[in-house]
Trainee: 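Quick one: the structure is below, and I'll ask about it shortly.
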Number of protein chains: 2
Amino acid sequence: MATRGRPRTFDPDTALRQALDLFWERGYEGTSLNDLAQAMGIASASIYACFGSKEDLFRKVMALYGTTSGEPPRRALREQPTTRAAIHAMLRATADEITRPDTPHYCMLILAAPTGAVENHAVREFLADLRRDMHTTIKDRLARGITDGDLTAPPASLDAIARYYTTVVQGLSIQARDGADRAELEAVITCAMAAWDTLTSAPSHQVN
Amino acid sequence: MATRGRPRTFDPDTALRQALDLFWERGYEGTSLNDLAQAMGIASASIYACFGSKEDLFRKVMALYGTTSGEPPRRALREQPTTRAAIHAMLRATADEITRPDTPHYCMLILAAPTGAVENHAVREFLADLRRDMHTTIKDRLARGITDGDLTAPPASLDAIARYYTTVVQGLSIQARDGADRAELEAVITCAMAAWDTLTSAPSHQVN
DNA sequence: CCTTTTTGTTGTCGAACGACCAACAAATCG
DNA sequence: CGATTTGTTGGTCGTTCGACAACAAAAAGG
C-alpha cells in the first residue's frame, strides 16, 4: 500500500499542533477555517482532505491535547504512592499546566466550548463527556486507595469526594483564565486539601 | 417626560428578559441578532434603536442577571449572621440557582463567554471583571467576620480562603452544566465546607 | 520514459449568516 | 397639521463553512 502518488508537503502532526494552539486560544466557535488554514500554513481544501470537517479536526486536536497537556495530571494520579499525595499532585500538575507562560491560561477541555450555538451541540457534549471522565478517573483512584489500604472507607462517599476535587480542578481553570498566578492557585489547592483529613477521617496527616 | 411621538409597541423590560433567556442558553457568541430579534418579537433595527449594539444589549442583560439570579447568593453573604453560615448559604444559594428547572444549569457570568473570537475581547474582560468582583465580595465578607468577632485571624490568608470558595462556586457551574443534580452539588458543598475549620482554626463547629 | 495514480495548491463559488443601518411608514403628541 | 418618536422593510458589506474544478507535482509500475 505504500506511498503512491504525490507525498504530503506538510506534516500532519505539526499542522495539528498549530490547530491546537489556535483552538486553545479562541475556543471552538471563535476559530474560523480561514484562521486555521493560515495558522497551519495550508489551504482550507487541504484541511478537509487530511482531517475532514472542522469538528473532526477539533476532535483530533482534543486527542492530542489529552496526550500532552492532559497527561501530567493523569500521571500524578497514577504514580503517586498514596491517595492523598495523588490528589494533591494532580491538583498541582493541573495548576502547572494552566499557568505555563507559553500557552493560554486555562484548560481547553473546560473552556473551549462550554456554551454556544445550537448547531455545535455535538461538540459541547463531546467535551462534556471528556469532563465526566475526569470525575470517573478521580473516583477510580480513590477506590484504588481503599484496595491499596492507604484509604479507609471514608464518611463521605467516594463519589462526592471525587466530584469535589473535580469541581476544584474546573474552578482552577476559571481562576487562571481570570489572571490568578501560580502562587494564588497553590494557595487555593492548599485550602482544598485542608478538607482531606475530615473527608477521609484520617487524622495522621496535617495540612502544611 | 412626555410621550411625544409614536409609543413603543413592546416592553423593553420584557424584551430584555427574553434576550437574557437566549444569551443564557447559547452564550454571547452563540446568539445571533436574528435569534434575538425573533425571541424578542421585534426587528433587529428596533434592538439597535432601543438597546444599542449587541454588546450594549448584553451588558444590560448581565445587569438584569445580576439583580435576579445573582441576588440570592449575595444576599446570603450579606444576611447570614456568622461568616461560616454566610459562606455555606452562599454556596447553597448558588447551587439552587444553577439547578433551577426553568433555566439553563449554569451561571451565565462564568460560561457565557470564557473564550472566543478576538473581536469580542471586550465582552470577555467585562465578564472577567464581574467574576473578579465575586472574589472581592467574598473576601470582604470574611473581613467583616473578623470585625464582627465570629472569625479570628485565620492561618490561611483571607485572600486565599476567598479565592478558594470562589473557585468552588465557579467549579460548581461546570458540574451543573455537565449534568450534576442538586443533591450532587450539595455533596460537593459539604466537602468544601469540611475545609472550613482547618482554614479558620475554629474547632467549635463540626461538619455535618 | 511514459503512463497511471495519488495528492497538494490555487482560486473560486455559493448559499447562508453575521452585525448593522438608511429610508420610509406609522402613530401619537402639541 | 407639523413635530417627534418608533417600527418595518430591505439592504449593505463582510465573513462563515463547505465544496469543487483545474492544474501541478511526485511517486510507482510497466
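On a predicted model such as this, the values are computed, not experimentally measured, just so you know. Note on naming: letters A, B, ... go to the chains in the order of the sequence lines (proteins, then strands), and numbering restarts at 1 for each one.
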Trainee: Do A/Q175 and B/Q170 have side-chain atoms, one donor and one acceptor, less than 3.5 Å apart?
Mentor: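 Yes, because at least one side-chain N or O of A/Q175 sits under 3.5 Å from a partner of the opposite role on B/Q170.
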Trainee: Give every residue pair that meets the salt bridge (charged side-chain N to carboxylate O under 4.0 Å, His left out) criterion with at least one member in residues 29-54 of chain A, sequence neighbours excluded.
Mentor: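 Checked against salt bridge (charged side-chain N to carboxylate O under 4.0 Å, His left out) - neighbours excluded - the pairs reaching residues 29-54 of chain A are A/R26-A/D35.
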Trainee: Test of understanding: with side chain to side chain contact (heavy atoms under 4.5 Å, CB included), list the residues that count as partners of B/R78, not counting sequence neighbours.
Mentor: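 Only B/E71, B/R74, B/R75 meet the side chain to side chain contact (heavy atoms under 4.5 Å, CB included) criterion with B/R78.
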Trainee: Is it true that B/R182 and B/E97 have a side-chain N and a carboxylate O under 4.0 angstrom from each other?
Mentor: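 Answer for the salt bridge query: no.
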Trainee: Using whole Å, report how far CZ of A/F10 lies from C1' of D/dA26.
Mentor: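 My rounded result for the distance is 15 Å.
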Trainee: Which residue pairs pass the ring pair (Phe, Tyr, Trp, His ring centres under 6.0 Å) test with at least one member in residues 52-73 of chain B, sequence neighbours excluded?
Mentor: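 Residue pairs passing ring pair (Phe, Tyr, Trp, His ring centres under 6.0 Å), neighbours aside: B/F23-B/F58, B/W24-B/Y65, B/Y28-B/F58.
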Trainee: Scan residues 114-126 of chain A against DNA chain C and write down, sorted by residue number, each residue with any heavy atom closer than 4.0 Å; if none is found, say none.
Mentor: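 Those residues: none at all.
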Trainee: Which residues within residues 39-51 of chain B lie with some heavy atom under 4.0 Å of an atom in DNA chain C?
Mentor: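 Listed by number, they are B/S44, B/A45, B/Y48.
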Trainee: Between A/D56 (side chain only) and A/S53 (backbone N and O only), is there a donor and an acceptor less than 3.5 Å apart?
Mentor: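 A pair under 3.5 Å: yes.
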Trainee: CD of A/Q38 versus P of C/dT10: gap in Å, rounded?
Mentor: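 For the pair A/Q38 CD and C/dT10 P, the rounded distance is 13 Å.
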Trainee: Output yes when a side-chain donor or acceptor of A/R124 lies under 3.5 Å from a complementary backbone atom of A/A117, and no otherwise.
Mentor: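 Indeed, once roles are kept as given, a pair shorter than 3.5 Å links the two residues.
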Trainee: Would you say B/D150's side chain and B/T82's backbone share a donor-acceptor pair under 3.5 angstrom?
Mentor: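 No: the side chain of B/D150 does not pair with the backbone of B/T82.
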Trainee: If you compare all heavy atoms of B/R131 against all heavy atoms of B/L109, which two are closest, and at what distance to 0.1 Å?
Mentor: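 Shortest heavy-atom separation between B/R131 and B/L109 comes out as NH1-O, 2.9 Å.
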Trainee: Go through the N and O atoms of the side chain of B/R6 and the base of D/dT6, and report whether any donor-acceptor pair is under 3.5 Å.
Mentor: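 Check passes, donor-acceptor contact within cut-off.
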Trainee: Can you measure B/K54 atom NZ to C/dG18 atom P for me and round it to whole angstrom units?
Mentor: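 Going from NZ in B/K54 over to P in C/dG18 covers 8 Å.
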Trainee: Salt bridge between A/R163 and A/D159, side-chain N to carboxylate O under 4.0 Å?
Mentor: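 Counted as a salt bridge, because a side-chain N and a carboxylate O are separated by less than 4.0 Å.
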Trainee: Could you check which residues of residues 24-34 of chain B get a heavy atom under 4.0 Å from DNA chain C? Sort them by number, please.
Mentor: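 The stretch gives B/T31, B/S32, B/L33, B/N34 as the residues lying under 4.0 Å from the strand, ordered by number.
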Trainee: Whole angstroms only, please: what is the CG-P distance between A/L36 and D/dT16?
Mentor: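 Taking atom P of D/dT16 as the reference, CG of A/L36 is at 11 Å.
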Trainee: Once you round it to whole Å, what is the distance between P of C/dG8 and CZ of A/R8?
Mentor: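 Rounded to the whole Å, the gap is 5 Å.
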Trainee: Whole angstrom is fine here: how far is it from CZ in B/F58 over to C1' in C/dG18?
Mentor: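 After rounding, the reported distance stands at 17 Å.
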